[in-house]
Amino acid sequence: MRSLLALALLCSAAVAQAAVQTREIPYQDADGQRLVGYYAYDDAVEGKRPGIIVVHEWWGLNGYAKRRARDLAALGYNALAIDMYGDGKHTEHPKDAQAFMAAATKDPKAAARRFDAGLELLKIQPNTNKHQLAAVGYCFGGKVVLDAARRGEKLDAVVSFHGPLATQTPAKPGVIRAKILVEHGEADSMIPPAQVAAFKQEMQSAGADMTFVSIAGAKHGFTNPDADRLSHGDHGGPDIGYNKEADDRSWADMQAFLKKSFD
């Protein structure tokens, strides 16, 4: 009886030790900008596993982006939340966020180099399968990952959650390699119907393997539980809002999409 109890305690201890591990990793882009990545993986998963880049909202590399990296790690992936602004900076003020985003997207080639620096960092992690890679982006990050697909990055899949669909660098036929999933809020006032139509036409003309999901009643930022709080305040926040049903549905869509893309 004692031996059985000891075995049970040993097994429970082993389970308790197996958990999502995280660490910050400083790195640089090709232009020498100091960046800070947030890496997450599940130490219970043996061997190499697919790697997924997470790109933050316009607020910067905040707690929400890091949480999504942990969520992906809990699904068995290696996840790296990358830094598109530099020094891991983030804000809760729309004017600062707008300034950070404008600076990061001013030069599309510089933005691409910054994304590439994060992708290379993920690939060299010892338990990342560098032949199975994807990118997931939220809001501003959705645009970043869609632009990565547009320029033909070697990714199996790209997922955009409530991301802008317009671009300075439209896709050319035959260039896109990644399968694309777009989770869009039908009530998103920040992405007008004309932009949606133009994006769909762009993807069709480029020959992309693209799935577009429009979620009724969902506003911009529908996956972030802090969206309601961030939309208010004396600074006059943007028209964003959390929608749990849309959050859950889009996350389930992503899981099925990634599994199919990697299989």
Check the pair Asn243, Ile215 against side chain to side chain contact (heavy atoms under 4.5 Å, CB included), reporting the backbone distance first and the verdict last. CA-CA 10 Å; Asn243 184 315; Ile215 305 176; 5.9 Å; no
Hey, does Arg23 have a side-chain heavy atom less than 4.5 Å from the side chain of Tyr41? yes
Measure across Val145 and Val159 and return the closest heavy-atom pair with its distance rounded to 0.1 Å. CG2-O, 3.6 Å
Grab the two heavy atoms, one from Val55 and one from Met84, that are nearest each other, plus how far apart they are. CG1-CG, 3.8 Å
Return the minimal non-hydrogen interatomic distance between Val158 and Ala178, and the atom names on each side. CG2-CB, 4.1 Å
Tightest non-hydrogen contact, residues Leu35 and Ala117, listed as CD1-CB, 4.5 Å
Should Ile176 and Leu146 be regarded as members of a common hydrophobic cluster, given that ILVMFWY residues are connected when their side-chain heavy atoms come within less than 4.5 Å of each other, either directly or indirectly? yes
Answer yes or no: is there a donor N or O on one side and an acceptor on the other, between the side chain of Asp83 and the main chain of Gly88, under 3.5 Å? yes
Supply the atom-to-atom distance Arg67 CZ to Asp226 CG, rounded to the nearest 0.5 angstrom. 9.0 Å
Counting only N and O atoms by type, is there a donor-acceptor contact under 3.5 Å from the side chain of Asn129 to the main-chain atoms of Pro50? no
Take Lys66 and Glu24 through the side chain to side chain contact (heavy atoms under 4.5 Å, CB included) test and state the conclusion after the steps. CA-CA 10 Å; Lys66 293 175 181 180; Glu24 290 190 346; 3.3 Å; yes
If you draw a 6.0 Å radius around NZ in Lys89, do more than 12 non-hydrogen atoms from other residues or ligands fall strictly inside? yes
Shortest non-hydrogen pair, Pro238 vs Ser231, comes out as O-CB, 3.3 Å
Return all side-chain donor-acceptor pairs below 3.5 angstrom for residues 254-263, not counting sequence neighbours, or 'none' if the list is empty.
{"from": "Lys259", "atom 1": "NZ", "to": "Asp263", "atom 2": "OD2", "distance (Å)": "3.1"}
{"from": "Ser261", "atom 1": "OG", "to": "Phe257", "atom 2": "O", "distance (Å)": "2.8"}

Check whether any side-chain heavy atom of Met203 lies under 4.5 Å from a side-chain heavy atom of Phe212, and answer yes or no. no
Please find out if less than 6.0 Å separates the ring center of Phe100 from that of Phe140. no
Check whether any side-chain N or O of Asn62 sits under 3.5 Å from a backbone N or O of Ala65 as a donor-acceptor pair, and report yes or no. yes
Under 3.5 Å, is there a donor-acceptor pair between the Tyr85 and Arg114 side chains? no
Ion pair present between Asp71 and Arg68, side-chain N to carboxylate O less than 4.0 angstrom? yes
Let me see the working for Glu183 and Val213 under side chain to side chain contact (heavy atoms under 4.5 Å, CB included), right down to the final yes or no. CA-CA 5 Å; Glu183 294 285 334; Val213 179; 3.5 Å; yes
Trace of the side-chain hydrogen bond (donor to acceptor under 3.5 Å, both in side chains) decision for Arg70 with Tyr38: CA-CA 9 Å; Arg70 295 193 300 272; Tyr38 181 83; 3.0 Å; yes
Do the side chains of Leu119 and Leu121 join up, straight or via other hydrophobic residues, at under 4.5 Å, putting them in one cluster? yes
Could you tell me whether the side chain of Asp239 reaches within less than 4.5 Å of the side chain of His220, counting heavy atoms only? no
Side chain to side chain contact (heavy atoms under 4.5 Å, CB included) evaluation trace for Thr167 with Glu202: CA-CA 10 Å; Thr167 184; Glu202 177 198 356; 4.1 Å; yes
Ignoring hydrogens, what is the shortest heavy-atom contact between Ile52 and Leu122? Give both atom names and the distance. N-CD2, 3.4 Å
So, does Arg177 use its side chain to make a donor-acceptor pair with the main chain of Gly152 at under 3.5 Å? yes
Check the hydrophobic clustering (I, L, V, M, F, W, Y; side-chain heavy atoms under 4.5 Å; chains of links allowed) and say if Val54 and Val182 are grouped together. no
Trp59 with Val136, same ILVMFWY side-chain cluster at under 4.5 Å: no
Let me confirm one number: the CG-CD1 distance from Leu133 to Ile53, rounded to the nearest 0.5 Å. 8.0 Å
May I ask you to decide if Pro126's main-chain N or O and Lys48's side chain share a donor-acceptor pair within less than 3.5 Å? yes
Going by an N to O cut-off under 4.0 Å, is there a salt bridge joining Arg151 and Asp147? no
d(Trp58 CH2, Ile240 CD1) to nearest 0.5 Å is 8.0 Å
For the CD atom of Gln195 and the CE atom of Met190, what is their distance to the nearest 0.5 Å? 10.5 Å
Taking it one step at a time, do Tyr39 and Tyr27 satisfy ring-ring contact (aromatic ring centres under 6.0 Å, His included)? CA-CA 12 Å; Tyr39 179 55; Tyr27 63 111; over 10 Å; no
Report the distance from atom CD1 of Ile124 to atom NZ of Lys130, rounding to the nearest 0.5 Å. 10.5 Å
Report whether Tyr64 and Phe161 are members of the same hydrophobic cluster (ILVMFWY, side-chain heavy atoms less than 4.5 Å apart, transitive linking). yes
I need the Glu57 CD to Thr223 OG1 distance, nearest 0.5 Å. 6.0 Å
